[in-house]
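What follows is a single structure, written as structure tokens, with notes after it.
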Amino acid sequence: MNEPDKPTAYYHLPGLFEFYELYRVFLPLYREHREFFYDWCGIGSIYGAPADCLWGGGRVGAGDCDPRAVLQLTREYGVSARLTFSNSLLLEAHLSDRKCNALCRLFAENGGPQNGVIVHSELLLDFLKRQYPSLYFVSSTTKVLTDFQLFRQELERDDFLYVVPDFRLNKDFERLKALPDNQKAKVEFLCNECCWFGCKERKACYEAVSRKNLGEPGPEHRCAAPDANEGYRFSKAMTNPGFIGIDDIQNVYLPMGFSHFKIEGRSLGSALILEFLLYYMTKPEYQLRVREEIYLDNSLDLF
């Protein structure tokens with residue numbers, strides 16, 4: 001049990017639809033064996049999107065499980081569910097999409113923790129606020145907010161419960177420390193980004209994903225970062241200047257008044273997501289136990 005004055009770090013985990021089978025095993029383990037996990041952290045939400053969502057962004061969705069099963073799981077374990085609808089290229093005609101609206105209606109239903117939507121498009125945000133006012137909204141990292149003043153302006157907006165800055169603001173401690181408490185409570189840091197810290201093409205990369213989700217033609221984005229051919233490696237992410245590790249969370253961010261931390265990984269394999277859960281949430285002496293419990297579940301394919 002947490003001490004009354006002990007701050008808690010809330011993780012926002014990837015793969016609501018993409019890694020449903022993993023969470024179906026992990027969440028019961030997390031509840032039944034809380035002693036395996038750090039007492040200073042909790043699960044703030046799980047985010048993602050099914051395949052073939054026009055409003056999808058950030059990554060091309062790949063989940064194919066039943067949305068009602070997803071929602072039943074998150075309700076059972078008291079976890080907020082977030083739809084990743086961060087497409088930056090939406091037009092008025094796209095707002096009538098039946099699949100995305102049906103998902104929002106479902107996630108807006110009462111009966112559990114408040115659910116949310118991660119958004120980029122102002123057009124979509126205005127539409128969702130009118131149509132589904134019971135949902136909360138998160139300003140997407142796909143906006144690439146690297147200018148601190150623009151980030152501050154985003155925090156000042158009442159539209160958003162949380163704002164995810166670009167990972168290159170993660171260590172801007174002097175200006176982060178100076179934020180008022182109500183704005184610190186809205187900041188959600190992206191912890192484990194592997195993207196090149198010097199990347200100038202992040203917006204173009206996200207726009208290419210948005211076009212794919214819309215089924216529109218356009219140039220394929222070719223990443224020019226050093227070692228781009230290696231793909232995502234957690235070991236490489238740990239050397240990124242913007243990386244936030246568990247020591248940083250406990251000794252820097254929590255004492256400074258920040259509580260929300262996003263783990264990326266929707267497009268990765270579930271075996272790597274498990275490594276994130278082990279590193280960020282699981283006490284070292286129990287990591288093997290948790291790994292065995294997950295791997296020995298015959299219903300999972302972790303590779």
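Just so you know, these numbers use all the heavy atoms, side chains as well, and skip hydrogens, waters and symmetry mates. Remember, predicted model here, so these are calculated numbers, not experimental data.
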>> Show me the pairs that pass salt bridge (charged side-chain N to carboxylate O under 4.0 Å, His left out) and involve residues 92-110, at least two apart or across chains.
In response: R75-E109
> How would you list all residue pairs meeting salt bridge (charged side-chain N to carboxylate O under 4.0 Å, His left out) that involve residues 169-178, not counting sequence neighbours?
Replying inline: D172-R175
Please name all residues satisfying ring pair (Phe, Tyr, Trp, His ring centres under 6.0 Å) with [X], sequence neighbours left out, ordered by chain then number.
{"X": "Y20", "answer": "none"}
{"X": "F173", "answer": "Y253"}
{"X": "H120", "answer": "none"}

> Would you call R266-E18 a salt bridge at under 4.0 Å N-O?
Replying inline: yes
> Salt bridge check: are E292 and R289 linked by an N-O gap of less than 4.0 Å?
Replying inline: no
Ring-plane angle category for [X] and [Y], please: parallel below 30°, perpendicular beyond 60°, tilted otherwise.
{"X": "Y132", "Y": "F127", "value": "perpendicular"}
{"X": "F151", "Y": "F148", "value": "perpendicular"}
{"X": "F37", "Y": "F26", "value": "perpendicular"}
{"X": "W55", "Y": "F85", "value": "perpendicular"}

> For E264, does its backbone N or O pair with a side-chain atom of E193 as donor and acceptor, under 3.5 Å?
Replying inline: no
> Who are the side chain to side chain contact (heavy atoms under 4.5 Å, CB included) partners of K129, not counting sequence neighbours?
Replying inline: L125, D126, F137, D159
> Does the ring of Y47 carry K262 above it, NZ/CZ under 6.0 angstrom from centre and within 45° of its axis?
Replying inline: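 Yes, a cation-pi geometry.
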